Undergrad: 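Let me give you the structure first, and then I'll get to my questions.
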Amino acid sequence: MIKLNEAFGFLAIQSDNIDQTTDLLSSIEEFCRSLPHVYIQQVNLPGFCLIYWSRNPYPSEIGNSDDKYEPANSKHTFLIGNLHEPAPQDFNNNNAWSGLNGRYAWLQWQQHTKTLTATSDFLGIRPLYYLHTDKALLISNEIFPLVESGYTKNKINPAGYVQMLEKGYCLGNNTLHNDIKWLPPGSSIVSSDRSIKVTNKAYLMRGHSQCKEDSYDAMADQLYELLLASTEKRTNNKSHSILLSGGLDSRVVGGLLQKLDLISDTFTWHQGTGGDLVAAKEIARALGVHPRFITIPHDHLQKYHEELIKLDGGATNAHITYLLAALHSFNGTLPPLAIGYAGDPLTGAHIPTTTHLGSLHPSIEESVAHFDSALGRFFKDDELLTILRKPEWKDAIGSSREEIKKTMLAAQTSSHFNRWTAALLWNRNLRCTTFLPRQCDNFTPTFSPFEDKAVYEYCLSLPFDALNNQLVYRKMLARHFKKLAKIPRSNGEQVCSEIQLSARYRYTALAAKFVPKPLRQRISRWEGGGYAIDPNADLRIGSAQYLKHLLKQDDMWGEFLDTKKVSSLINNHLDSKTKQGLQIQALVTVLESLTARK
């Protein structure tokens, strides 16, 4: 097996005629030029080509293999990325490699049978996309090489676009492209005799308790040990910078790295108006490091949203284009990065015990309906019926609910809490939240302690009362990171006790209601996340001209969406008549994707 541990992107092509490799290389080179210290390598075999991009300038990684790399061999196996558990004894068994702990893709090309097999880790932060035609199979962990390959028919996928408007991201195996599919994590695809077979691996669901003791303190201690072990596996004894928001997850990451004495610095972003940097400053001071603050330009959406579309990101919710702007504008060499993501849904946040009607064990339809109505105000069915023009788009309304229902049914439980957990982790988390570490990893090696399989399995075994209001998670913070636990959030909320707002925060919240509008934004607090930018207000401040520019390109998107309705929605938001930021962000994603299509 050839171990390409430093590689973080790849494109594998199975075809009897590899004539289009040159054009593909050009598009990959263009993408890699925007990233620091990236080198492209290529492996050519009869009927098979592997292009991968790596932080290693030399193809010496080939020497890190368990078999000889010779074109004459009939079987070639590649591990792209890193495994964080012992390797299977059978290197050639794709089932044994499916869904393990790590961040990797496993590929095998059997030359004598012309069979290509691919699988991935259990979480799929580096997702696998595939494009199958009668001439070739292409697999990549980025979507743009498939889009620009020349093999795609570039047809629109109505379900993908409607799901983007319904939820802010695609669900199931959908993308915005009709012939490009997403392979769920841990699943495998086998191509032979011009046909493919996809085997889906079941997601991790709630299981039997793994708690050594019944007390909450003991559970908190066990969770701490698992997170610390996860951090040790992924740091390789190298210092890391921390992407600091001021929330629970990022301060836990900081505490873990401080315990290992592996913090280089912290950074966060702001725009000079709105939000509050006090929490980030105090957390950095408690960690004993100097914080960096990156000013995000107000035109970030115009500059970086096209890149977001190219990489198949979700809607611009919760700071994705801010992150792109920060990474591109980072002053100096960006060190390895640790970020806190996925802690909330794993430890019980955003997960209600009952439906809005108070049912603990509702029907599956009630659970789906409750999930569909929460987690952000996107477009509802009646709104979509008035906006969408194409019959096939209208037929796709509700497709996101069907995918959510599949996940809830797979949880095999009548508990609304457990169904909601499954839907949150294996829909929103896999297709939207994981875009953040994936994007960071393009710039520098990035990890989160929560992306560990042992951590997932443990959290999914905790009893409900230990997860309610993140009880065990907050106890862990209070027991093992006492200084960090005492620092309130940017809105004054105490992270390890009942919500208590200090006098300073009560005063500023009151003042924000009465001061003139130009000053109000400077002292008001954005409570939709730890970072010091309010994305709803930001859309109105720096992106107004860009949004109006998109509206003028209705010759590209007016075939699919009602121009008057879309213009009214965006202009009302810009005029502060409405505050449906998530709707506008989803619309921007759809409009730009449609205008960018060739």
Side-chain angles (χ1 to χ4, degrees), residues 120 123-132 139-147 152 154-185 187 189 198 200 203 305-318 320-321 368 371-372 375-376 378-381 384 387-388 390 392-408 410 422-439 557 560-561 582-583 585-594 596-597:
S120 65
L123 200 53
I125 294 173
R126 284 283 175 183
L128 293 185
Y129 300 97
Y130 64 93
L131 168 63
H132 182 233
I139 304 173
S140 178
N141 56 11
E142 299 289 5
I143 201 168
F144 74 89
L146 309 186
V147 174
T152 179
N154 205 26
K155 287 186 177 180
I156 284 173
N157 178 17
Y161 278 96
V162 171
Q163 288 171 359
M164 186 67 72
L165 293 169
E166 289 177 332
K167 281 284 164 240
Y169 50 91
C170 297
L171 291 90
N173 67 353
N174 287 296
T175 69
L176 299 180
H177 307 269
N178 192 54
D179 50 2
I180 298 176
K181 304 299 182 183
W182 176 77
L183 187 69
S187 300
I189 181 170
V198 174
N200 290 326
Y203 294 130
H305 202 261
E306 184 177 346
E307 185 171 342
L308 173 69
I309 296 295
K310 188 173 184 178
L311 298 177
D312 194 45
T316 57
N317 61 353
I320 293 179
T321 53
V368 172
F371 187 92
D372 185 56
L375 299 175
F378 288 96
F379 289 94
K380 303 304 178 186
D381 292 4
L384 289 174
I387 294 172
L388 305 180
K390 293 277 189 179
E392 56 268 31
W393 285 52
K394 293 185 178 184
D395 290 343
I397 293 174
S399 59
S400 61
R401 289 193 295 274
E402 290 302 312
E403 295 298 337
I404 292 166
K405 183 177 180 179
K406 289 177 185 177
T407 312
M408 288 187 170
L424 190 63
L425 285 176
W426 306 120
N427 287 296
R428 185 173 188 241
N429 226 47
L430 290 185
R431 297 304 298 271
C432 186
T433 312
T434 53
F435 188 80
L436 296 174
R438 168 189 165 197
Q439 180 56 46
W557 55 263
F560 307 96
L561 305 170
L582 292 179
Q583 282 190 346
Q585 292 161 22
L587 261 181
V588 169
T589 303
V590 168
L591 294 181
E592 185 158 53
S593 176
L594 291 171
R597 298 185 72 89

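Because the structure is a prediction, the values reported are computed rather than measured.
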Undergrad: Using modelled atom types and a 3.5 Å cut-off, is there a donor and acceptor pairing between side-chain atoms of Asn157 and backbone atoms of Thr175?
TA: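 Yes, Asn157 side chain to Thr175 backbone: donor-acceptor pair under 3.5 Å.
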
Undergrad: Does a side-chain heavy-atom distance below 4.5 Å link Arg431 with Lys167?
TA: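 Arg431 does not reach Lys167 side chain to side chain.
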
Undergrad: Report the residues that fulfil side chain to side chain contact (heavy atoms under 4.5 Å, CB included) with Asn429, sequence neighbours left out, ordered by chain and then residue number.
TA: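 For Asn429 the side chain to side chain contact (heavy atoms under 4.5 Å, CB included) partners, ignoring immediate neighbours, are Ala342, Pro345, Leu425, Thr433, Tyr456.
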
Undergrad: Who passes side chain to side chain donor-acceptor pair (under 3.5 Å) against Ser187, sequence neighbours left out?
TA: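 Result, side chain to side chain donor-acceptor pair (under 3.5 Å) vs Ser187: Asn200.
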
Undergrad: Just wondering, do Tyr203 and Leu123 contact through their side chains at under 4.5 Å, heavy atoms?
TA: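 No, every pair of side-chain atoms sits at 4.5 Å or beyond.
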
Undergrad: For the CG atom of Leu561 and the CD1 atom of Ile387, what is their distance to the nearest 0.5 Å?
TA: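 Rounded to the nearest 0.5 Å, the CG-CD1 separation comes out at 7.5 Å.
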
Undergrad: How would you list, by chain and number, every residue that makes a ring pair (Phe, Tyr, Trp, His ring centres under 6.0 Å) with Trp393, sequence neighbours excluded?
TA: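 Ring pair (Phe, Tyr, Trp, His ring centres under 6.0 Å) check on Trp393 returns Tyr161, Phe560.
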
Undergrad: Sequence neighbours excluded, which residues qualify as side chain to side chain contact (heavy atoms under 4.5 Å, CB included) partners of His132?
TA: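 Only Leu137, Ile196 meet the side chain to side chain contact (heavy atoms under 4.5 Å, CB included) criterion with His132.
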
Undergrad: Is there side-chain contact between Leu171 and Ser399, with heavy atoms separated by less than 4.5 Å?
TA: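 Not in contact.
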
Undergrad: Any carboxylate oxygen within less than 4.0 angstrom of a Lys/Arg side-chain nitrogen, looking at Lys405 and Glu402?
TA: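 Salt bridge absent between Lys405 and Glu402.
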
Undergrad: Which residues satisfy the side chain to side chain donor-acceptor pair (under 3.5 Å) test with Ser400, sequence neighbours excluded?
TA: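 Result, side chain to side chain donor-acceptor pair (under 3.5 Å) vs Ser400: Glu166.
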
Undergrad: Do side-chain atoms of Arg401 reach the backbone of Phe371 as a donor and acceptor pair under 3.5 angstrom?
TA: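 Looks like no, no N/O pair under 3.5 Å.
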
Undergrad: Identify the two heavy atoms, one from Leu146 and one from Leu131, that lie closest to each other, and give their separation to 0.1 Å.
TA: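 Of all heavy-atom pairs spanning Leu146 and Leu131, the closest is O-CD2, 3.8 Å.
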
Undergrad: Got a sec, which residues hit salt bridge (Lys or Arg N to Asp or Glu O under 4.0 Å) with Lys310, two or more places apart in sequence or on another chain?
TA: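 Listed in chain order: nothing, the list is empty.
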
Undergrad: Using 0.5 Å steps for rounding, measure from the CG atom of Leu165 to the CG atom of Leu384.
TA: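 Leu165 CG to Leu384 CG: 6.0 Å, rounded to 0.5 Å.
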
Undergrad: For Arg438, check side chain to side chain contact (heavy atoms under 4.5 Å, CB included) against everything at least two apart and list the hits.
TA: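 Counting only residues at least two positions away or on another chain, Arg438 forms a side chain to side chain contact (heavy atoms under 4.5 Å, CB included) with Ile125, Arg126, Pro127, Tyr129, Glu142, Leu311, Phe435.
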
Undergrad: Test of understanding: with salt bridge (Lys or Arg N to Asp or Glu O under 4.0 Å), list the residues that count as partners of Lys155, not counting sequence neighbours.
TA: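 For Lys155, no residue satisfies salt bridge (Lys or Arg N to Asp or Glu O under 4.0 Å) once neighbours in sequence are set aside.
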
Undergrad: Would you please name every residue forming a salt bridge (Lys or Arg N to Asp or Glu O under 4.0 Å) with Lys394, sequence neighbours left out?
TA: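 For Lys394, no residue satisfies salt bridge (Lys or Arg N to Asp or Glu O under 4.0 Å) once neighbours in sequence are set aside.
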
Undergrad: For Phe379, what residues pass the ring pair (Phe, Tyr, Trp, His ring centres under 6.0 Å) criterion, not counting sequence neighbours?
TA: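 None.
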
Undergrad: Can you confirm whether Leu430 sits close enough to Pro185 that some side-chain heavy atom of one is under 4.5 Å from a side-chain heavy atom of the other?
TA: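 Yes - at least one pair of side-chain heavy atoms lies under 4.5 Å apart.
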
Undergrad: Can you name the salt bridge (Lys or Arg N to Asp or Glu O under 4.0 Å) partners of Asp395, sequence neighbours left out?
TA: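 By the salt bridge (Lys or Arg N to Asp or Glu O under 4.0 Å) rule, Asp395 matches no residue at all.
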
Undergrad: Using 0.5 Å steps for rounding, measure from the CG atom of Asp381 to the CG atom of Asp372.
TA: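 That separation rounds to 7.0 Å.
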
Undergrad: Mind checking side chain to side chain donor-acceptor pair (under 3.5 Å) for Asn427 and listing every partner two or more places apart, or none if nothing turns up?
TA: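 Applying side chain to side chain donor-acceptor pair (under 3.5 Å) to Asn427 gives Thr407.
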
Undergrad: Tell me, do Ile156 and Leu594 make a side-chain contact under 4.5 Å, heavy atoms counted?
TA: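 Heavy-atom side-chain distance check passes, below 4.5 Å.
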
